[in-house]
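Heads up, the thing below is written out as structure tokens.
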2 protein chains.
Amino acid sequence: MFVTQKNQYALKAIVELAKRAGSGPVKISEIAQAQSIPLRFLEVILGQLKGSGFVASKRGYCGGYFLICRPEKISVGHVLRFMQGDPARHSCAACVSRGACPMEYDCAFATLFNRASEAVFKIFDETTIQDLVDGDTKGSS
Amino acid sequence: MFVTQKNQYALKAIVELAKRAGSGPVKISEIAQAQSIPLRFLEVILGQLKGSGFVASKRGYCGGYFLICRPEKISVGHVLRFMQGDPARHSCAACVSRGACPMEYDCAFATLFNRASEAVFKIFDETTIQDLVDGDTKGSS
DNA sequence: ATAAATCTCGACCTTCTTAGTCAAGAAAGA
DNA sequence: TCTTTCTTGACTAAGAAGGTCGAGATTTAT
């Protein structure tokens, strides 16, 4: 498992917004229902995503969330990197817990794990939200 | 972080055994000291690793652990797959918790995450314990 | 035989992360 | 001003990760 449930919810929420782009703000409750995400949890997630620059919101009657980037401009890597927070914490793929790498990137596994990390993010960076919308459940190559 | 601390310890222990291959059994306490692994925890880990077919042990005076495969025949992927246990649990890279994939591999992310998983394991499968011994701390390309 | 060295086994504990909930409040429009 | 909808931050629960311990079984040395 590379991606936590929470981060998968974040991706799903953005996919849902992409599907409905152009028809005005989408209510949290609609996104939650469409993507089977616990409503209260989604509130937290969307609140965070506002900081990403990909989504914005409007309050009050007829309010909701909407994308402020074209879905083909947002990559899965963008979203996941944002959700993971402080990149310094994760720049050493061998490091387990939070905080800076105590080995200063010089442990036996640094090279190996960093190569693995790059391989994964290469794939995530090549895949856009639009790709997910297009391939949703239908199997893309 | 792709690899838990425990699994990194497992790799380190095997690397240490590889370094000392041919000089008889190595005591847990020596491995623990050489690789800075908590002794009691290492007991657990080596106990598990005995099931892998890569290491064996000998009890009593002058006992210890030793490799029963050549280090260039053991890949990082082998070790990690073994340590992760039941492969059915992990065959869907999108699945978060234990048990079989509830979506039957048909969720929106299955293709994407499985590609990522394959990319990582390609690297792990190409890297042998001998490679780690050779490159230990010195930076391999 | 007996003692010492060493692995073996299973239960146990602690800490951290992940996942998820809730209540009260602020803004926008009808 | 009432309703709708997002906003904020604290709170809780469950599980995984990391680590410890004591008592027992085996092997070798003496």
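Labels below follow one simple rule: chain letters A, B, ... track the order of the sequence lines, proteins then strands, and each chain is numbered from 1. What you are looking at is a predicted structure, and each value in this text was computed from that prediction instead of being measured.
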[X] [atom1] to [N] [atom2], straight-line distance once rounded to whole Å:
{"X": "A:Gln5", "N": "D:dA14", "atom1": "CD", "atom2": "C1'", "result": "14 Å"}
{"X": "B:Phe41", "N": "D:dA17", "atom1": "CZ", "atom2": "P", "result": "10 Å"}
{"X": "B:Gln84", "N": "D:dA16", "atom1": "CD", "atom2": "P", "result": "14 Å"}
{"X": "B:Gln33", "N": "C:dT6", "atom1": "CD", "atom2": "P", "result": "13 Å"}
{"X": "B:Leu39", "N": "C:dC7", "atom1": "CG", "atom2": "C1'", "result": "11 Å"}
{"X": "B:Ile37", "N": "D:dT20", "atom1": "CD1", "atom2": "P", "result": "12 Å"}
{"X": "A:Gln8", "N": "C:dG20", "atom1": "CD", "atom2": "C1'", "result": "16 Å"}
{"X": "B:Phe66", "N": "C:dC7", "atom1": "CZ", "atom2": "P", "result": "11 Å"}

Exercise. Does some side-chain heavy atom of A:Gln33 sit less than 4.5 Å from a side-chain heavy atom of A:Glu30?
Worked result: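 Not in contact.
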
Problem set entry | Under-4.0 Å salt bridge between A:Lys12 and A:Glu16 |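 No, this pair does not count.
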
Exercise. Can a salt bridge be assigned to the pair B:Arg40 and B:Glu43 using a cut-off of 4.0 Å between side-chain N and carboxylate O?
Worked result: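 Judged by the 4.0 Å cut-off on N to carboxylate O distance, B:Arg40 and B:Glu43 do form a salt bridge.
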
For this session: Look at A:Tyr9 and C:dA19 and indicate whether a side-chain polar atom (N or O) is within less than 4.0 Å of OP1 or OP2.
Result: no

Exercise. Is there a side-chain polar atom (N or O) of B:Thr4 under 4.0 Å from OP1 or OP2 of D:dA16?
Worked result: no

For this session: Keeping the roles fixed (side chain from B:Gln8, backbone from B:Val3), state whether a donor-acceptor pair exists under 3.5 Å.
Result: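 Checking the backbone N and O of B:Val3 against the side chain of B:Gln8, a donor-acceptor pair under 3.5 Å is found.
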
Problem set entry | Sequence neighbours excluded - side chain to side chain donor-acceptor pair (under 3.5 Å) pairs with any residue from residues 58-68 of chain A |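 Of all non-adjacent pairs touching residues 58-68 of chain A, none passes side chain to side chain donor-acceptor pair (under 3.5 Å).
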
For this session: Look at the aromatic rings of B:His78 and B:Phe54 and report parallel, tilted or perpendicular, splitting at 30° and 60°.
Result: tilted

For this session: If a protein heavy atom is under 4.0 Å from the base, mark B; if only from the sugar-phosphate, S; if neither, -; do that for nucleotides 3-11 of chain D going 5' to 3'.
Result: -BBBBB---

